[in-house]
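Have a look at the structure below before the remarks.
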Amino acid sequence: MKTRSIWDSGFGIRGIIALVALAVLGLANPARAEVKIDITRGVVEPIPIAIPAFYGTTSSESNFGRNIAEVVSNDLVRSGLFSSVDPRSFVQDANSLLVQPRFADWRVLNAQALVVGKIEAQAGGKLKVEFRLWDTFSEQQMTGLAYFSIPSNWRRVAHIVADAIYKRITGENGYFDTRIVYIAETGPQTKRIKRLAIMDQDGENNRVLSDGRALVLTPRFSPTMQQITYMAYYNNRPRVYLFNIDTGAQTVLGDFDHMTFAPRFAPDGQRVVFALSDSGASNIYTMDLRSHRIQKLTSGSSISSAPCYAPDGKRITFESDRGGSQQIYVMNADGSGAKRISFGDGNYGTPVWSPRGDLIAFTKMHGGRFYIGVMRPDGTGERELIEAWHVEGPTWAPNGRVLMYFKEAPSSRGSRPKLYSIDLTGYNEHEVSTPTDASDPAWSPLLP
Amino acid sequence: MRYIATVNDDSLKNGLAVSTGLHFLMFLFLFFGLPRLITPLPSHHEPVPFDIVTLAEITNTRIQDEVPEQKAAPPPPAESKPQPPTPSPAKQEAMPEAVLPKPMDKPKAPAEKPAAQQQDLLGSVLKNVAKLKPVQTANTAEQKADTKTTSSSSFGPALSSRLTITEEDALRRQISQCWNPPIGARDVQSLVVEILIDVNPDRTVANLEVVDKGRYASDSFFRAAADAAVRAVRNPKCSPLELVPEKYEQWKRIDFTFDPRDML
């Protein structure tokens, strides 16, 4: 019985052969790693990066080199993913860096990455800006690029350099070469002046676009960059407008008898989705900018508003009180298949689809407090990033990694909103400095 | 029956043949078993999984002074602690391409349209102000490390010379403190990086290779994750590696897998 049961089990000779083979294989492969280690937890901290002034031979070149290095450093540090190694501790000058970085020196300063750059004035008045990004541990060049530009454009070049470094180290597209439109607020509470303004994402090059005679709200960038859409009260008529940044021309979107508001471009830039208010109800419409054809997407007597396309243009998220309280819904781009996705406590509004497609940012009101949070398009994974007395109007950086919004604290002097940005992880909140009070920010795509 | 008849007929004449035949029959029964008259119970051969873990406190108790000082090891051929500023010519020769790629007027990658994905970005290291539970930030490596990893295979070296789980945990904890993965990246849970390292006898890293070279070359997110893993094992803060010098044969080649799953 014993023999047969072994035979029946299929062990027998085959088993012995397998055992021998395994033993032989095990012995015959001495180069195989004997130790396997799984690392499943790490730390979350900024990567220390050293950015010495870019080298220039003339004093003008050196000036540009210093300024560009500073802007690059500020961009990266503001992202929260990098920390700047103090320039006062640098032990190698810019000139010798170009020959060969002394990596051991930079490692002593705990610099994990090193940026070495050079400025050269070209014939014809252009500047050549080149840089190399070094990994100081492996002593390898991670990337190296050169740009040509007119000198007055040095800030943009610095942002583009910062984007290249950010992309190489994080794997994600950068967002530094972008702009923000927002509402610049001035004047007393009773007679508030709200004007359209635009600035670089770091707060520089601030420019006011409208004269302040009309109240302007909810500006949004077109993905094609030439246009902004917003709602404005001209002659006390609240309507949606289009504004060409290059020409300054302003046109009204369609000629409706009713109030139109909460506009936003479709991802292809060819359509605008907006809300239209009619006898107490509010519904969502789209308008094709070429044919001016209008399509009504929602119907009924409830208030549906704040529509926003998914980055693939196939779905739209919006807020609606059709279920009794204000909640977030997702529907197909033709208006079919609307489904509620927010189910937490409180009211939800201003949904904004991430350019990455993976999340929807929103404003939530609960228990007398405001929150800004994110959830997946199916409503799962809700997470609140910010809580405040009043915080509202999230907008995504084009890489879907950073959110900007406006926030205000209770004040005896009335409403004093300011712009802030925060990383998707919920850390690294920064105030974005503006010359005046500011609200309703909208992030541009990367500049063309 | 034929054999019995033969015995009856030919008396003891064929005794030898009968004996041989019966022995042969018995041998056959022994080898193949008796005819299957009763269905045997099904034999259960369910595998019983077990893991040999080497516990230092129990199995490897030894007197401390037996441990040879690691000074006996050959001089470090590669970097160790941060050095004073003296550039080593050998390192400079080893420098790979120091050449700028061709200058570009506008190296603008068109903003990729990320496919609509519903990936998980939410987790323990990510902040949620609505939850009252204490927020985990950096230093999460201090948390209890995953001890599921086992040391090599069951055909490995003798238990006493293998790394104990305590020793593996020490190494894991050390490298965790130097690993800063791109946790906010899209699809971060898929960014699992395997790195093989050769270790010098002085416990510094000699060579390393990222196993998935194809993905490293084609996927910028994976490349960033792999670079972060490489920085972890190259970080001077984590050098030399926390290993027992006497077990050099066991740890001269280490297979690291960096998987941020516990941070999500």
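All chains are named by letter (A, B, ...) in the order of the sequence lines, taking the proteins before the strands, and each is independently numbered beginning at 1. Please read all numbers here as calculations on a predicted model, not as lab measurements.
A distance of 8.0 Å separates CG in L208(B) from OG in S138(A), rounded to the nearest 0.5 Å. From F221(B), atom CZ reaches atom OG1 of T170(A) across 7.0 Å, with rounding to the nearest 0.5 Å. We find the CZ-CG distance between R41(A) and D259(B) to be 11.5 Å, quoted to the nearest 0.5 Å. With values rounded to the nearest 0.5 angstrom, Y371(A) atom OH is found 10.0 Å from N128(B) atom CG. Separation of atoms CD1 (I39(A)) and CG (D262(B)) is listed at 11.0 Å; rounding is to 0.5 Å. Atom SG of C178(B) and atom CZ of F137(A) lie 7.5 Å apart (nearest 0.5 Å).
Using a 4.5 Å cut-off between heavy atoms, D135(A) touches chain B through its side chain atoms alone. Contact of P181(B) with chain A is made through backbone and side chain together, with heavy-atom distances under 4.5 Å. With a threshold of 4.5 angstrom between heavy atoms, I47(A) approaches chain B through its backbone and through its side chain.
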inquiry  = Go through it in stages, so that I can follow the logic: the residues are I37(A) and E168(B), the test is side-chain contact (heavy atoms from CB on, under 4.5 Å), and I'd like the CA-CA distance, side-chain angles, deciding distance and then a yes or no.
reply    = CA-CA 7 Å; I37(A) 304 281; E168(B) 287 190 352; 3.9 Å; yes
task = Begin from the C-alpha positions of V230(B) and Q140(A) and carry the test side-chain contact (heavy atoms from CB on, under 4.5 Å) through to its verdict.
result = CA-CA 12 Å; V230(B) 169; Q140(A) 306 238 349; over 6 Å; no
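Ranked by non-hydrogen atom pairs under 4.5 Å with chain B, the options E387(A), Q92(A), R168(A) are led by R168(A). Listed options R369(A), Q112(A), R401(A) were ranked by heavy-atom pairs under 4.5 angstrom with chain B; first place goes to R401(A).
Residues passing the side-chain contact (heavy atoms from CB on, under 4.5 Å) test with A226(B), sequence neighbours excluded: V193(B), V210(B), Y216(B), F222(B). Partners of T178(A) by side-chain hydrogen bond (donor to acceptor under 3.5 Å, both in side chains), not counting sequence neighbours, listed by chain and number: W443(A).
What you find for G171(A) and A224(B) is that their closest heavy atoms are N-CB, 3.5 Å.
Looking only at side-chain heavy atoms (C-beta outward), I169(A) and R231(B) come within less than 4.5 Å of each other.
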